[in-house]
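Below is one structure, written out as structure tokens; comments come after it.
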Number of protein chains: 2
Amino acid sequence: MTENICVTEFTPASLNEEEEEKLAVQAKALAHPARVRLLKIMAAQPGCVGGDLVNSIGLAQSTVSEHLRILKDAGFILAEVQRPRICYSVNRSELKNFNFLFESSFKL
Amino acid sequence: MTENICVTEFTPASLNEEEEEKLAVQAKALAHPARVRLLKIMAAQPGCVGGDLVNSIGLAQSTVSEHLRILKDAGFILAEVQRPRICYSVNRSELKNFNFLFESSFKL
DNA sequence: GGAGTATATCGTTTATCGACGATATACGGA
DNA sequence: TCCGTATATCGTCGATAAACGATATACTCC
């Protein structure tokens, strides 16, 4: 360890660990092409889609279900039960919140 | 497969596979708390930081180096060699581009 | 040329992810 | 009540990620 050349002092106070964790967790939910695609499809629908998402994407039903669970856990989508189907839709406020968190974290 | 209830037809033309892939790849680079933290630290610096990042974070030098490589590969940071150090800084245009890609993909 | 310094790479181990088929669940309707 | 349908969960396997210590690399300065 030597003295810094181009480093200003960093104040730990500006590090909000919870926010960082949330940003990372949500980014992880976006970190797969299939999930980006699913989100995009849902965002393009006025209402919601059922398991037709499975047909829109070349993956097994169980795989799609898992991707949807991850997106749901991240808060990016909502699931409305319409037996026997489930109607998924994007949660725009949470998507916007991610966007905001991203911008504010990195001072864009 | 049955007829849809709440699904409108989806046009594959609006699916830009390259963009989806890029969004996923960049999201993956953000999908770790240590990398979010590193980016945040760098974004808070006027210029750049050297390997002091290693000291700012409780991880081994080799681990931090790997995280930095991932961020660099994603285009989120720039590395300027100042032997024997390397000065890292955020690439704001790429961060902003991610933001834009995110917004436009999901129609926010 | 040799020593010192900062960063990158390698090799290993453990943990997590992604995909699938098979099966369970939870309901609506005949 | 039993059947069909849509979704969720389970178990497994191969692939990838994350962490570390040890070592290599690539310079600067004596």
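Reminder, nothing fancy here: chain letters follow the sequence lines and each chain counts from 1.
For A:H67, no side-chain nitrogen or oxygen approaches OP1 or OP2 of C:dC17 to under 4.0 Å. Contact annotation: A:K28 side-chain N/O to C:dT16 OP1/OP2 distance is not under 4.0 Å.
B:V90 and B:L39 make their closest contact through CG1-O, 3.7 Å (heavy atoms, listed as atom of the first residue, atom of the second, distance).
Regarding B:D73, its CG atom lies at a distance of 13 Å from the P atom of D:dA18, rounded to whole Å. The CG atom of B:N55 sits 14 Å away from the C1' atom of C:dT5 (whole-angstrom rounding). Computed from coordinates, the A:H32 NE2 to C:dA19 P distance equals 3 Å when rounded to whole Å. Rounded to a whole Å, the CD atom of A:E66 is 15 Å from the C1' atom of D:dC13. What separates CG of B:L38 from P of D:dA18 is a distance of 13 Å, to the nearest Å. As a whole-Å value, the separation of A:R69 CZ from C:dG18 C1' is 12 Å. Put simply, CD1 on B:I77 is 13 Å from C1' on C:dT7, counting in whole angstrom units. Taking atom CG on A:L53 and atom C1' on D:dT7, their separation rounds to 12 Å, with Å as the unit.
The B:I70 side chain lies nearest to D:dA18 when the options are C:dC17, C:dT7, D:dA18. When distances are taken from the side chain of A:R35 to each of C:dG18, C:dA19, D:dA18, the shortest belongs to C:dG18. Considering only side-chain atoms of A:Y88, the nucleotide from C:dT9, D:dA8, C:dA6 that sits closest is D:dA8.
No contact: A:K72 has no heavy atom under 4.0 Å from any strand.
Side chain of A:D52 to main chain of A:N55: no donor-acceptor pair is present (N/O by atom type, distance under 3.5 Å, no hydrogens or angles).
Judged as a salt bridge (Lys or Arg N to Asp or Glu O under 4.0 Å), the pairs with a partner in residues 91-102 of chain B (not counting sequence neighbours) are, in order, B:K22-B:E94. Within the structure, the salt bridge (Lys or Arg N to Asp or Glu O under 4.0 Å) test picks out no pair touching residues 98-108 of chain B (sequence neighbours left out). The salt bridge (Lys or Arg N to Asp or Glu O under 4.0 Å) pairs that include a residue from residues 71-82 of chain A are A:R69-A:D73, where partners are two or more places apart or lie in different chains.
Shown here are the side chain to side chain contact (heavy atoms under 4.5 Å, CB included) partners of B:I70, two or more places apart in sequence or in another chain: B:A29, B:R35, B:E66. With sequence neighbours excluded, the residues satisfying side chain to side chain contact (heavy atoms under 4.5 Å, CB included) with A:S62 are A:A60. Listed by chain and residue number, A:F106, B:F98 satisfy the ring-ring contact (aromatic ring centres under 6.0 Å, His included) test with A:F102 (two or more places apart in sequence, or in another chain).
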Scan nucleotides 20-30 of chain C nucleotide by nucleotide, 5' to 3', and note B when protein non-hydrogen atoms come under 4.0 Å of the base, S if they reach only the sugar-phosphate, - if neither. BBB---SSS--
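Axis angle between the ends of the helix from C:dG1-D:dC30 to C:dA30-D:dT1, five pairs each and rounded to 10 degrees, works out to 20°.
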Using side-chain hydrogen bond (donor to acceptor under 3.5 Å, both in side chains), reason through A:N91 and A:S93 one step at a time and then give a plain yes or no. CA-CA 6 Å; A:N91 184 353; A:S93 71; 3.0 Å; yes
